[in-house]
Amino acid sequence: MITFQEKVWQATAMIPKGQVNTYGLIARAIKKPLASRAVGQALHCNPHWPQVPCHRVVRGTGEVGGFAGGSKKKIALLRQEGIEIDNERLVNLKDYLYSFDNRRIRLL
DNA sequence: ACGGTGACGCTCA
DNA sequence: TTGAGCGCCACCG
């Protein structure tokens, strides 16, 4: 059966290069709207790099959030994908946020 | 079964 | 704008 974290990884894998998503939105996408924190835990243990681009998941506030290899590394990766980071810590969600469409979510 | 632990998010001073 | 406080939840010992 598909576990919670597997759903998290699947959802994360859908995020296109050059775009980002948030822990909270992923939680909603997999029908666990209050599990944003658990989503972070799942990504922390992500065993599918780079299939599951966990660096594209940031905080709802726009702050990059944590990263197993250090937030510096996370920022560098996002920049490589063309995402601008303000003040070395903020992502403009208005420009780079990716929205899951209902059709895909159903597959989870 | 139970309690501790975060890559979170929201509220309020 | 910041920081403290607190609720949430899956995972692990």
Side-chain angles (χ1 to χ4, degrees):
Chain A
M1 103 141 216
I2 308 150
T3 67
F4 172 82
Q5 40 190 346
E6 289 175 325
K7 289 181 182 176
V8 172
W9 298 329
Q10 285 182 45
T12 304
M14 298 176 193
I15 306 172
K17 178 184 178 187
Q19 288 193 272
V20 299
N21 214 292
T22 74
Y23 299 96
L25 289 176
I26 289 179
R28 286 202 287 174
I30 62 179
K31 311 305 180 189
K32 290 285 181 182
L34 302 183
S36 59
R37 209 166 180 184
V39 168
Q41 186 197 55
L43 290 178
H44 179 64
C45 306
N46 164 36
H48 303 298
W49 179 270
Q51 254 239 323
V52 175
C54 48
H55 60 286
R56 293 182 193 146
V57 184
V58 302
R59 277 189 166 242
T61 57
E63 293 167 287
V64 294
F67 191 64
S71 55
K72 307 247 329 179
K73 182 77 176 181
K74 186 168 181 177
I75 292 175
L77 287 168
L78 291 172
R79 285 225 169 98
Q80 287 180 52
E81 303 189 348
I83 295 172
E84 298 177 51
I85 311 285
D86 299 319
N87 206 28
E88 295 303 312
R89 58 196 206 80
L90 291 178
V91 174
N92 186 322
L93 296 179
K94 194 176 187 302
D95 296 330
Y96 302 105
L97 181 62
Y98 167 74
S99 298
F100 291 106
D101 59 70
N102 307 307
R103 185 161 46 68
R104 302 287 281 212
I105 295 175
R106 196 188 294 281
L107 299 177
L108 299 177

For [X] and [N], what is the distance between atoms [atom1] and [atom2] respectively, to the nearest whole Å?
X: Leu90(A); N: dT2(C); atom1: CG; atom2: C1'; result: 13 Å
X: Asn46(A); N: dG6(B); atom1: CG; atom2: P; result: 19 Å
X: Tyr23(A); N: dC8(C); atom1: OH; atom2: P; result: 21 Å

Pairs under 3.5 angstrom, nitrogen or oxygen only, protein versus nucleotides 10-13 of chain B, please.
none

**Prompt:** So which of Val39(A), Val52(A), Asn21(A), Asn46(A) actually passes side chain to side chain contact (heavy atoms under 4.5 Å, CB included) with Thr12(A)?
**Reply:**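 Among Val39(A), Val52(A), Asn21(A), Asn46(A), the one that satisfies the side chain to side chain contact (heavy atoms under 4.5 Å, CB included) with Thr12(A) is Val52(A).
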**Item:** Set of residues satisfying salt bridge (charged side-chain N to carboxylate O under 4.0 Å, His left out) with respect to Glu63(A), sequence neighbours excluded
**Value:**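 Glu63(A) satisfies salt bridge (charged side-chain N to carboxylate O under 4.0 Å, His left out) with Arg89(A) only.
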**Item:** Residue pair Asn92(A) / Glu84(A), side-chain heavy-atom distance below 4.5 Å
**Value:** no
**Prompt:** Got Arg56(A) and Lys17(A) here, is their nearest side-chain heavy-atom distance under 4.5 Å?
**Reply:**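 Yes. Closest side-chain heavy atoms under 4.5 Å.
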**Asked** Measuring from Glu81(A):CD to Gln19(A):CD, what's the distance to the nearest 0.5 Å?
**Response** 10.0 Å
**Request:** Any chance you could measure Trp49(A), atom CH2, to Leu43(A), atom CG, to the nearest 0.5 Å?
**Result:** 11.0 Å
**Which atom of Tyr96(A) lies closest to which atom of Val91(A), heavy atoms considered** =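 What the structure gives for the nearest pair is CD1-CG1, 4.3 Å.
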**Message:** Could you report the tightest heavy-atom contact between Ile83(A) and Val20(A), atom names first, then the distance?
**Reply:**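 Answer, listing the atom of Ile83(A) first, then Val20(A): CD1-CG1, 3.4 Å.
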With the criterion being N/O to N/O and under 3.5 Å, what pairs connect the protein with nucleotides 9-13 of chain C, and how long is each?
| from | atom 1 | to | atom 2 | distance (Å) |
| --- | --- | --- | --- | --- |
| dC11(C) | OP1 | Gln5(A) | NE2 | 3.2 |
| dC11(C) | O4' | Gln41(A) | OE1 | 2.9 |
| dC11(C) | O4' | Gln41(A) | NE2 | 3.2 |

**Prompt:** Base, sugar-phosphate alone, or nothing: which one does Ala68(A) contact when heavy atoms must sit under 4.0 Å apart?
**Reply:**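 Base, at least one base heavy atom under 4.0 Å.
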